[in-house]
Amino acid sequence: MINIRFPDNTVKQFEAGVSSLDIAKSISPGLARQVYASSINGEVRDLLRPVNEDASVKFHKWEDPEARHTFWHTSAHLLAYALEELYPGIKFGIGPAVENGFYYDVDPGEGVVISESDLSRIEKKMKDLAREKYSTERIEISKAEALKMFEEKGDEYKTELISELDDGSITLYKLGDFMDLCRGPHLPDTENIKAIKLLSLAGAYWRGDEKRKMMTRIYGISFPKQKLLEEYMLMLEEAKKRDHRKIGKELGLFAFSQKVGMGLPLWLPRGADLRQRLIDFMTAELKRRDYTIVSTPHIGNIELYKTSGHYEKYGADSFQPISTPQEGEQFMLKPMNCPHHCEIYNATPHSYKDLPVRMAEFGTVYRYEQHGELHGLTRVRSFTQDDAHHFCEPDQMKEEFKKIIDLVQWVFKSLDFSDYKAQISLRDTVNREKYIGSDENWDKAQKAIIEAAGEKGLDTTVVEGEAAFYGPKLDFMVKDAIGREWQLGTIQVDYNLPERFDLSYTGSDNQKHQPVLLHRAIFGSIERFVAVLIESTAGKFPLWLSPDQVIILPISEKYHDYSKKVLKFLNNYDIRTLIDERSEKIGKKIRDSELSRIPYLLIIGENEEESSTVSVRKQGEGDKGIMTLEEFAAFIDKQVKTELQIKG
RNA sequence: GCCGAUGUAGCUCAGUUGGUCAGAGCAGCUGAUUUGUAAUCAGCAGGCCGGGGGUUCGAAUCCCUUCAUCGGCUCCA
């Protein structure tokens with residue numbers, strides 16, 4: 001007999017070799033029906049896998065990521081099974097579960113193309129197979145046997161994978177006639193896979209290496225109930241309505257022109273206004289935090305980038321040098337501001353008393369991004385970084401780092417950004433040749449970042465191998481409307497440029513010392529930030545107000561009625577600030593019926609004096625008095641909700 | 001750059017197997033209307049159907065090519 005401990009700490013006895021599904025059944029048949037996987041001593045396992053020793057067990061229902069992961073993993077196998085039936089001779093790469101669904105990378109063979117029109121056929125085959133209620137079977141196998149099996153099948157992809165595994169750790173899963181190399185875990189059978197949707201088709205390099213064969217990747221998602229699938233598809237539809245490209249077009253914020261060139265955003269008047277407000281908002285705060293604002297040209301002599309090392313690293317894949325009538329003279333469009341800032345630093349001598357120097361610029365840079373990676377405003381070829389560089393003494397680095405984290409947190413909070421992730425990127429522990437700089441400096445910098453993040457209470461994930469070639473970094477990531485992750489803010493330690501540009505300061509010992517350089521951006525780029533701002537705010541709540549800004553953002557159609565009512569309500573009020581006429585104009589804007597037709601985006605007042613007071617007066621009812629924007633926000637919100645009986 | 005898909009008036013789209021198929025709604029303009037409020041009525045204007053080439057008596061509709069966009073992969077200083 002073995003002892004099984006449950007999450008509530010009760011312990012029950014079972015025969016050794018009992019499956020976790022049987023354990024679940026012993027609690028209640030209802031539970032057994034809802035469970036898709038179990039964790040045995042923290043390891044996620046198949047429900048049918050025997051438990052042979054004392055263990056703690058936790059059951060995973062659909063709500064748990066582990067359950068969905070298992071469900072989708074089995075669905076991926078089901079997809080492969082269907083493909084094998086429909087495309088004899090098809091070869092398989094990998095087929096994992098992902099955050100929302102699953103995919104399988106396949107090689108259908110020479111001359112065979114799977115296209116979107118085939119998806120419904122494959123989907124149908126999957127459903128037919130699922131209805132057969134095939135059970136999954138876990139098979140442990142020796143490396144030699146596994147290799148033999150897949151070599152005979154002629155599947156070079158699986159063979160390659162197996163050859164890299166340790167003998168004794170290889171398991172196969174059998175589903176009907178389909179046998180696949182797999183670590184598991186899996187559902188007991190396919191009975192519960194009731195709703196299946198193949199979503200899209202894409203090319204994906206085998207093992208992520210662009211020099212290797214491109215596989216066909218089929219994305220799909222599945223659910224135990226049709227209703228869940230319908231809800232998911234509806235959610236996707238809603239999310240697409242928040243796409244910044246759609247909203248940007250509808251509201252006339254920005255545009256692209258084939259004539260101007262791909263990936264080169266054109267800011268239309270309204271978008272330019274928003275962009276400028278973000279810049280002003282940030283600039284005001286930077287001044288408060290002892291930054292100096294600088295400005296540098298959009299091009300720089302090629303020697304500048306040879307000095308920085310960027311030319312060697314990226315020159316061939318960049319916009320190519322600009323020639324001049326002068327023989328041998330060449331300039332580059334600037335792909336980053338750092339080298340320019342280093343030269344600004346070098347323009348004057350520095351004492352340790354000057355440090356840290358914090359130099360900021362809204363610098364527009366140009367990068368020749370590959371064709372296929374351009375994406376709305378989030379990935380463009382010309383963008384404006386809210387860039388800054390901190391030049392500091394080595395022992396000031398951590399403190400500066402913390403100050404930057406503080407600024408990021410302040411900005412995100414001010415703009416109501418709560419859903420972001422902090423990622424610490426360290427260098428690869430194995431391939432060190434990708435990086436420059438001494439081990440000692442790397443260790444010091446990595447330690448400083450981890451400590452600084454910890455002291456600022458940041459919840460971080462650490463990723464090895466993602467560091468820049470010159471130093472480790474801390475990135476702030478957010479998700480867009482459909483869950484793609486984008487990097488916004490970044491803080492990077494750099495020992496490279498101070499060396500290459502021979503930066504120095506005179507220390508208290510009257511000797512020359514080399515400063516440490518921190519790169520940082522808060523928005524990342526204004527373009528990307530606007531995109532994410534639109535997607536994260538749109539659809540949440542049509543009226544977004546804070547003491548510093550008032551933004552009425554465009555919203556998904558779900559909120560159209562609400563938005564209309566808000567605007568209709570606002571039309572009943574005479575809204576204007578008592579301070580300046582620009583705000584008066586904005587009040588008029590709100591009342592403007594042309595504007596009231598569209599759920600509108602507008603921002604009022606980015607600083608205190610501009611936006612501190614508003615006069616709100618309902619027509620015919622006299623003066624309601626003067627209130628701060630914050631009070632105004634609450635007031636509007638309350639009025640709208642009570643008068644129009646909108647549910648929050 | 002690679003795989004797959006898409007590309008019709010400013011916007012959203014309809015155009016069956018190639019032959020009155022160049023359309024609709026919204027936006028725009030003109031004229032009525034003036035009704036406490038998103039879209040009243042009438043009329044007008046708008047596209048060489050992304051560009052180029054080809055097949056055909058004839059192509060928005062088939063083929064090739066090119067550009068751009070979308071979903072991914074790779075990349076992201």
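So that the names make sense, note that chain A is the first sequence line, chain B the second, and so on, each numbered from 1.
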>> Taking G58(B) as the reference, what is the distance to G53(B) when you measure between their P atoms (whole Å, please)?
In response: 15 Å
> Now, which nucleotide makes the Watson-Crick or G-U wobble pair with U6(B), with each of the two distances under 3.5 Å?
Replying inline: A68(B)
> What integer number of Å spans the C1' atoms of C21(B) and A32(B)?
Replying inline: 34 Å
> Can you tell me the Watson-Crick or wobble partner of A14(B), both distances under 3.5 angstrom?
Replying inline: none
> Between A68(B) atom C1' and L264(A) atom CG, what is the distance in whole Å?
Replying inline: 13 Å
> Taking the same atom, P, in C44(B) and in G7(B), what whole-Å distance lies between them?
Replying inline: 31 Å
> Which value, in whole Å, describes the distance between the P atoms of nucleotides U8(B) and G50(B)?
Replying inline: 6 Å
> What is the base-pairing partner of G46(B), counting Watson-Crick and G-U wobble geometry with both distances under 3.5 Å?
Replying inline: none
>> In this structure, how many angstroms lie between the C1' atom of G4(B) and the OH atom of Y104(A), rounded?
In response: 21 Å
>> Does K334(A) qualify as a cation-pi partner of Y366(A), given the criterion of NZ or CZ under 6.0 Å from the six-membered ring centre and within 45 degrees of its axis?
In response: no
>> Across nucleotides 70-77 of chain B, 5' to 3', mark each nucleotide with B, S or - according to how protein heavy atoms within less than 4.0 Å reach it.
In response: SBBBBBBB
>> Classify the ring geometry of H375(A) against H244(A): parallel below 30°, tilted from 30° to 60°, perpendicular beyond 60°.
In response: tilted
> Quick one: is K213(A) getting a side-chain N or O under 4.0 Å of the C2(B) phosphate, OP1 or OP2?
Replying inline: no
>> For W442(A) and Y435(A), take the angle between the two ring planes, folded into 0 to 90°, and tell me which bin it lands in: parallel under 30, tilted 30 to 60, perpendicular over 60.
In response: perpendicular
> Considering only the P atoms, how many Å lie between U12(B) and C64(B), rounded to the nearest integer?
Replying inline: 28 Å
> Could you give all pairs that pass the salt bridge (charged side-chain N to carboxylate O under 4.0 Å, His left out) test and reach residues 100-121 of chain A, with sequence neighbours left out?
Replying inline: D105(A)-R217(A)
> Would you call G46(B) syn or anti, using the 90° rule around 0?
Replying inline: syn
>> My understanding is that a pair needs two contacts under 3.5 Å, Watson-Crick or G-U wobble. By that rule, which nucleotide pairs with C21(B)?
In response: none
> Y368(A) and S318(A): which non-hydrogen atoms are nearest, and at how many Å?
Replying inline: CB-C, 3.7 Å
>> Pairing check on U40(B): which nucleotide meets the Watson-Crick or G-U wobble criteria with it, both distances under 3.5 Å?
In response: A32(B)
>> Using the P atom as the point on both nucleotides, what is the distance between C3(B) and U74(B), in whole Å?
In response: 15 Å
Could you list the protein-to-nucleotides 64-66 of chain B atom pairs, N/O on both sides, closer than 3.5 Å?
none

> So, for G263(A) and V380(A), which heavy atoms are closest and what is the spacing to 0.1 Å?
Replying inline: O-CB, 3.2 Å
> When you check the gap from the basic side-chain N to the acidic O, do R207(A) and E160(A) get nearer than 4.0 Å?
Replying inline: yes
> Base, sugar-phosphate alone, or nothing: which one does S115(A) contact when heavy atoms must sit under 4.0 Å apart?
Replying inline: sugar-phosphate
>> Could you tell me how far G19(B) sits from U40(B) if I compare only their P atoms? Round to whole Å.
In response: 37 Å
> How many Å lie between NZ on K249(A) and C1' on C13(B), as a whole number?
Replying inline: 12 Å
> So which nucleotide does C76(B) pair with, by the Watson-Crick or G-U wobble rule with both distances under 3.5 Å?
Replying inline: none
> Separation of I218(A) atom CD1 from A5(B) atom C1', in whole Å?
Replying inline: 15 Å
>> Whether E156(A) and K213(A) form a salt bridge (side-chain N of Lys/Arg under 4.0 Å from carboxylate O of Asp/Glu) is what I want to check.
In response: no
> Could you go step by step and tell me if I344(A) and M359(A) meet the side-chain contact (heavy atoms from CB on, under 4.5 Å) rule?
Replying inline: CA-CA 9 Å; I344(A) 290 181; M359(A) 200 184 285; 3.5 Å; yes
> Is there side-chain contact between R520(A) and F401(A), with heavy atoms separated by less than 4.5 Å?
Replying inline: no
> Relative to each other, are the rings of Y314(A) and H310(A) parallel, tilted or perpendicular (30° and 60° limits)?
Replying inline: parallel
>> Would you measure the distance from the P atom in C63(B) across to the matching atom in G4(B) and give it in whole Å?
In response: 15 Å
